[in-house]
Structure formats: C-alpha cells, structure tokens
Amino acid sequence: MDININILTDQEAAILRETIAASHRIVVCAHKSPDGDAIGSSLGWAGYLRSLGKKVDICVPDMIPDSISWLPGAAGILRYDRQPELVQRAFDEADLVCCVDFSSEGRLDEMDHVLLGCKTQRVIIDHHLAPNLEAKLLVSQPHASSASDLIFRVVWQLGGFPQMDQTWATCIYCGMMTDTGGFTYNSTQPYIYYIICLLLTKNIDKDKIYRNVFNNARIPAVRFRGYLMNEKLQVVEGLHASFYTVTRKELKKYDFIKGDLEGLVNVPLTIKGHKLSISLREDTDIDNRILVSLRSVDDFPCNKMAAEFFNGGGHRNASGGKLHCSIQEAEQIALKAILAYADMLK
C-alpha cells in the first residue's frame with residue numbers, strides 16, 4: 001500500500017519555504033501547561049529551522065512537566081513565568097513566529113498579550129478544532145494524531161528528513177506517543193506507523209522514551225494517584241462513566257508538582273465497559289478555577305461534552321476545559337454532563 005504523508009499543497013509548501021528563507025530570527029511558541037506533544041513538536045520544528053541556519057527561540061508560558069523535561073533541548077526553552085523579559089525580547093526581535101500545537105487565542109494565558117501584541121508574521125501548525133489566530137500560513141489538521149505528527153510530515157515534505165538526527169526523532173516520537181496515550185487512542189491510521197518506522201531509522205530507543213515519560217513518577221505522586229483512585233473516584237453506576245476531584249489541600253498534602261497526575265484521567269477507562277472519565281482539579285494559583293480533563297473510548301465525543309459543559313474542546317477521545325466555580329459546583333456540573341449524555345453512555 002502506498003502511503004502519502006504529504007499534507008501541504010504545492011502553493012502552501014512554496015509559501016512556507018519562502019517565508020522561512022526570508023526569516024532569520026524565529027520564535028516557536030507552545031501553549032500553557034505544555035504537554036509532551038507541545039514540547040516535542042516545538043523542539044522538532046525548532047530543530048529543523050536551526051538545520052537551515054536560523055536563530056530560534058522556543059517560548060512557553062510556564063513549567064514543563066518533569067516527565068518530558070529530559071527531552072534533548074528542553075533545558076533551553078524560555079518560560080514566560082520565569083523569564084518574561086527574555087520572552088518579550090525574543091518576540092520583539094523575531095521576524096517570524098511559529099505557533100505549534102495551538103491556533104486560538106487564550107491558550108497562553110498570561111503570555112497571550114505578548115503573542116497578540118507582536119505584529120510579526122505567523123505560521124501555525126496545529127491539530128485542534130476552531131483556529132482563530134491570523135496567520136500567513138495555517139496548517140490545520142484536526143484529524144491528525146498530534147502536532148508532532150504534523151511537524152514530521154511538513155519537514156518530510158520540505159525535504160528535511162534526511163538531515164534530521166536521533167535527537168530530533170526522539171522529540172517527534174515522544175510528542176506522538178504522549179498525545180495518543182502510548183498509541184491507545186486517536187492512532188488507528190496506517191500513516192502513523194509508517195512515520196514511526198521512519199523515526200526508527202534514526203536509531204531512537206522508543207522503549208526508553210516510553211519509560212522516561214510514563215515510568216518516571218516520584219514516590220509522593222504514586223501515593224497521591226492511589227489515594228485519588230481509592231478515595232475520590234465516583235463511578236456513575238449504569239452509565240459507564242466516572243469523575244474525581246482534586247483539591248488544593250490535597251495537592252499540598254502530596255507535595256504536588258506539575259506532571260504528577262499526568263495520565264491519571266485514563267486509569268478509570270481500564271474499568272470493564274467504561275466509556276468516559278473526567279478529572280476536576282482546583283487551580284493552584286487562581287481561586288474558583290477548575291481545570292477539567294476528559295477521556296473517552298470508541299465513539300463517545302468528549303470534545304462535544306467539553307464544549308457544552310466545560311468551556312473547552314479538543315479531540316473526540318481526549319479533551320479539556322475550565323470551570324469558574326467551586327469544586328463542589330464542578331462536581332454537580334460533571335454529574336449533569338454525564339446524565340445529559342446518558343443514552344450514549346449506557
């Protein structure tokens with residue numbers, strides 16, 4: 001079977017080549033609370049641009065989780081919460097800004113004004129729905145497995161893959177792996193595994209990448225996860241759905257750092273017949289803000305539920321959102337959402 005992984009039209013490829021060729025200082029920007037795909041795709045795109053002789057800064061709003069901070073090049077990423085002057089300077093001096101793994105306003109929170117105030121031309125490469133940022137070139141593929149998958153395909157189409165090394169391939173593979181839950185959802189298309197085969201030719205250690213991400217927990221985090229599943233998980237009987245809450249008090253008790261609960265929302269889906277899992281976590285900094293994560297299996301549209309009940313969105317089987325209320329009110333909203341979709345959850 002012939003697998004064509006090109007995603008750009010000839011005109012789009014020409015625009016991208018010309019835009020990159022005319023640029024010298026480039027900012028690659030990823031969303032708040034960056035995950036493995038945001039960081040993997042940003043490092044991958046920056047690596048390609050640097051191979052062309054470009055000066056590249058990667059900027060993110062806040063902390064990179066420990067589970068992906070080991071990625072080669074991650075230590076050099078600029079954080080707005082720690083280095084606002086350096087981030088602002090990078091944007092001020094850039095002649096091209098590349099937004100990776102996001103395409104809409106509000107995804108940078110406190111750093112939003114830096115991006116929106118920058119008049120430099122933009123290129124956007126993303127796989128989320130409803131893009132609303134203006135760009136010279138928008139590469140939007142909501143059905144793609146990840147932004148890292150898109151970065152690979154763009155670099156491949158531009159002829160850059162032969163020059164890419166093991167470090168680059170490690171970042172791309174990590175991004176694809178994390179955004180599909182270890183290739184357990186949103187990953188049934190044959191082209192994904194063709195890309196993996198090509199990445200393996202760069203001598204990546206995919207097993208070690210998996211261990212670094214998923215088998216890298218601190219002892220307090222392991223105890224915290226066990227506590228939440230044992231004491232906080234609320235299963236809605238008969239509807240194959242569940243939700244759990246995480247309070248600030250609990251976060252403090254278990255010495256929480258970003259990344260400690262990464263992937264926990266997937267665990268309830270191991271219950272036989274389960275279709276939907278919802279995590280509700282109090283924000284550590286902003287009062288009455290609840291961070292919501294949703295995961296589902298098969299055809300259950302948790303992105304539709306996220307948009308309808310949680311001011312969010314995402315993909316069919318992996319979505320997120322935010323609520324501005326107390327944790328008790330968030331519980332009621334989650335239950336209301338589950339009951340509203342009862343016919344699909346039975």
Seminar exercise, completed: Minimal heavy-atom distance between Asn317 and Phe300, with the atoms involved, is ND2-O, 3.7 Å
Problem set entry | CZ-NZ distance between Phe309 and Lys304, expressed to the nearest 0.5 angstrom | 10.0 Å
Seminar exercise, completed: For Leu78 and Gln83 the tightest heavy-atom approach is CA-OE1, 3.4 Å
Exercise. Between Lys55 and Glu93, does a salt bridge (charged side-chain N to carboxylate O under 4.0 Å, His left out) hold up when you go through it step by step?
Worked result: CA-CA 11 Å; Lys55 169 69 169 65; Glu93 296 178 352; over 6 Å; no
Seminar exercise, completed: Sorted by chain and number, sequence neighbours left out, side chain to side chain contact (heavy atoms under 4.5 Å, CB included) with Ser293 holds for Val265, Ser279, Arg295
Exercise. In terms of ring plane angle, is the pair Phe183 and Tyr193 parallel, tilted or perpendicular, where the classes change at 30° and 60°?
Worked result: tilted
For this session: Could you give me the CA-CA distance, side-chain angles and deciding distance for Met111 and Cys29, then say whether side-chain contact (heavy atoms from CB on, under 4.5 Å) is met?
Result: CA-CA 10 Å; Met111 199 175 117; Cys29 180; 3.6 Å; yes
For this session: Check whether any side-chain N or O of Asn311 sits under 3.5 Å from a backbone N or O of Gly321 as a donor-acceptor pair, and report yes or no.
Result: no
Exercise. Is a side-chain donor or acceptor of Glu110 paired with a backbone partner of Asp81 at a separation under 3.5 angstrom?
Worked result: no
Exercise. Has Arg50 got more than 12 heavy atoms of other residues, nucleotides or ligands less than 6.0 Å from its CZ?
Worked result: yes
Seminar exercise, completed: Distance col, row Leu115:CG vs Cys59:SG, nearest 0.5 angstrom, shows 10.5 Å
Exercise. Is the shortest heavy-atom distance from the side chain of Asn288 to the side chain of His324 under 4.5 Å?
Worked result: no
Problem set entry | For Arg248, the option from Asp283, Asp287, Asp285 that meets salt bridge (Lys or Arg N to Asp or Glu O under 4.0 Å) | Asp287
For this session: Decide whether Ile15 and Ile124 are clustered together by the hydrophobic rule: side chain heavy atoms of Ile, Leu, Val, Met, Phe, Trp, Tyr closer than 4.5 Å, transitively.
Result: no
Exercise. Do Val267 and Tyr185 share a hydrophobic cluster, counting only Ile, Leu, Val, Met, Phe, Trp and Tyr and linking them when any side-chain heavy atoms are less than 4.5 Å apart?
Worked result: no
Exercise. Counting heavy atoms not belonging to Arg89, are there more than 12 under 6.0 Å from its CZ?
Worked result: no
For this session: Tell me whether Trp168 is reachable from Trp70 by hopping between hydrophobic residues (I, L, V, M, F, W, Y) whose side-chain heavy atoms are closer than 4.5 Å.
Result: yes
Problem set entry | Closest approach of Gly314 to Leu129 (non-hydrogen atoms, all atoms of both residues) | O-CD1, 3.6 Å
Exercise. Is there a donor-acceptor pair under 3.5 Å between the side chain of Arg211 and the backbone N or O of Asn216?
Worked result: no
For this session: List the steps, then state whether side-chain contact (heavy atoms from CB on, under 4.5 Å) holds for Phe224 with Leu251.
Result: CA-CA 8 Å; Phe224 195 11; Leu251 293 169; 3.8 Å; yes
For this session: Without swapping roles, check the side chain of His127 against the backbone of Gln141 for a donor-acceptor pair under 3.5 Å.
Result: no
Exercise. Where does the angle between the aromatic ring planes of Phe214 and Tyr210 fall among parallel (under 30°), tilted (30 to 60°) and perpendicular (over 60°)?
Worked result: tilted
Seminar exercise, completed: Interatomic distance, CD1@Ile26 vs OG1@Thr19, rounded to 0.5 Å, equals 9.5 Å
Exercise. Is a donor on one side and an acceptor on the other found under 3.5 Å between the side chain of Thr120 and the backbone of Ala94?
Worked result: yes
Exercise. Would you say the side-chain atoms of Lys206 pair up with the backbone N or O of Met177, donor to acceptor, closer than 3.5 Å?
Worked result: no
Exercise. Between Asp149 and Ile5, does a side-chain contact (heavy atoms from CB on, under 4.5 Å) hold up when you go through it step by step?
Worked result: CA-CA 10 Å; Asp149 148 347; Ile5 59 175; over 6 Å; no
For this session: Determine the minimum heavy-atom distance between Asp101 and Ser41, stating which atoms define it.
Result: CB-OG, 4.2 Å
Seminar exercise, completed: In short, Leu8 meets Leu16 closest at the heavy-atom pair CD1-CD2, 4.1 Å
For this session: Assess whether atom CG of Asp10 is packed by more than 12 heavy atoms of other residues, nucleotides or ligands within 6.0 Å.
Result: no
Exercise. Just by distance, with hydrogens left out, do Asp179 and Ser146 show a side-chain donor and acceptor under 3.5 Å apart?
Worked result: no
Problem set entry | Approximate separation, where rounding is to 0.5 Å, of Ser33 OG and Ile64 CD1 | 11.5 Å
Which pairs of donor and acceptor atoms, one on a side chain in residues 254-264, lie under 3.5 Å apart (sequence neighbours left out)?
| unit_1 | atom_1 | unit_2 | atom_2 | d |
| --- | --- | --- | --- | --- |
| Asp255 | OD2 | Arg218 | NH1 | 3.4 |
| Lys258 | NZ | Asp62 | OD2 | 3.1 |
| Asp260 | OD1 | Arg218 | NE | 3.3 |
| Asp260 | OD2 | Arg218 | NH2 | 2.5 |
| Asp260 | OD2 | Ile257 | N | 3.0 |

Problem set entry | Cluster link Leu339 to Leu233, ILVMFWY, side chain under 4.5 Å | no
Exercise. Taking the six-membered ring where the residue is Trp, are the ring centres of His315 and His128 under 6.0 Å apart?
Worked result: yes
For this session: Considering non-hydrogen atoms only, spot the tightest contact between Ile327 and Leu280 and give its length.
Result: CD1-O, 3.8 Å
Problem set entry | Cation-pi, Phe102 ring and Lys32 (6.0 angstrom, 45 degrees) | no
Problem set entry | Spacing of CD1 belonging to Ile77 relative to CE belonging to Met63, to within rounding of 0.5 Å | 13.0 Å
For this session: To the nearest 0.5 angstrom, please state how far the CD1 atom of Ile125 sits from the SG atom of Cys99.
Result: 10.0 Å
Exercise. Is it true that a side-chain atom of Lys54 and a backbone atom of Ile20 form a donor plus acceptor pair closer than 3.5 Å?
Worked result: yes
Seminar exercise, completed: In short, salt bridge (charged side-chain N to carboxylate O under 4.0 Å, His left out) pairs touching residues 308-335 with sequence neighbours left out are Asp109-Lys322, Asp299-Arg316
Problem set entry | Joint cluster assignment, Leu71 & Ile195, ILVMFWY side-chain distance < 4.5 Å | yes
Exercise. Are any of the side-chain heavy atoms of Leu43 and Pro72 separated by less than 4.5 Å?
Worked result: no
For this session: Measure from the side-chain N and O atoms of Asp112 to the backbone N and O of Gly106, and report whether any donor-acceptor pair falls under 3.5 Å.
Result: yes
For this session: Show your working on side-chain contact (heavy atoms from CB on, under 4.5 Å) between Tyr191 and Asn4 and close with a plain yes or no.
Result: CA-CA 8 Å; Tyr191 81 85; Asn4 180 10; over 6 Å; no
For this session: Return yes if some donor-acceptor pair links the side-chain N/O of Asp37 with the main-chain N/O of Ser148 below 3.5 Å, else return no.
Result: yes
Exercise. Any donor-acceptor pair under 3.5 Å linking the side chain of Ser42 with the backbone of Ile39?
Worked result: no
